[in-house]
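Since the structure comes first, as structure tokens, the remarks are kept for the end.
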Amino acid sequence: MSEDEFERFTDLNKRYLDRFGFPFIFAVKGATKFMILDAFVERLENDQAKEFETALQQIARIIRFRLEDRVG
């Protein structure tokens, strides 16, 4: 990540935490840094309920990836 990208990531992360009160959760397996940064921007537009639902879906994906790694 370039310095500018890191600064953007840090800013988006702070804005997300301030807005929703919980950390940004994203199942990064197979994702590029651009996909992650784009998800930050998109998800900052969600209302609290929608974002909580999205975060839970991401947690489920992380669990699935970890289980697949152990089983497969």
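Note that the numbering runs from 1 along the sequence shown for the chain.
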**OP:** Using side chain to side chain contact (heavy atoms under 4.5 Å, CB included) as the criterion, list what pairs up with E68, not counting sequence neighbours.
**Re:** R64, F65

Subject >> All salt bridge (Lys or Arg N to Asp or Glu O under 4.0 Å) counterparts of R8, not counting sequence neighbours >> reply: none

Original post:
Hey, what else clusters with F40 if you join Ile, Leu, Val, Met, Phe, Trp, Tyr whenever side-chain heavy atoms sit under 4.5 Å?
Top reply: M1, F6, F9, L12, Y16, F20, F22, F24, I25, F26, V28, I36, L37, V41, L44, F52, L56, I59, I62, I63, L67

Original post:
Mind checking what makes salt bridge (Lys or Arg N to Asp or Glu O under 4.0 Å) contact with E42, not counting sequence neighbours?
Top reply: none

**OP:** Not counting sequence neighbours, which residues clear side chain to side chain donor-acceptor pair (under 3.5 Å) with N13? List them please.
**Re:** none

**OP:** Hey, could you give me each pair passing salt bridge (Lys or Arg N to Asp or Glu O under 4.0 Å) that has a residue in residues 49-59? Not counting sequence neighbours.
**Re:** R43-E51

**OP:** Determine the minimum heavy-atom distance between Q58 and A27, stating which atoms define it.
**Re:** OE1-N, 2.7 Å

**OP:** Check salt bridge (Lys or Arg N to Asp or Glu O under 4.0 Å) between D38 and all other residues, then give those that pass, not counting sequence neighbours.
**Re:** none

Original post:
With sequence neighbours left out, what residues match D18 under side chain to side chain contact (heavy atoms under 4.5 Å, CB included)?
Top reply: K14

**OP:** Sequence neighbours left out, what passes side chain to side chain donor-acceptor pair (under 3.5 Å) with D4? Give chain and number order.
**Re:** none

Original post:
Which pairs count as side-chain hydrogen bond (donor to acceptor under 3.5 Å, both in side chains) when at least one residue sits in residues 19-28, sequence neighbours excluded?
Top reply: none

Original post:
Excluding sequence neighbours, so at least two apart, what forms salt bridge (Lys or Arg N to Asp or Glu O under 4.0 Å) with K33?
Top reply: E5

Original post:
Excluding sequence neighbours, so at least two apart, what forms side chain to side chain donor-acceptor pair (under 3.5 Å) with R66?
Top reply: none

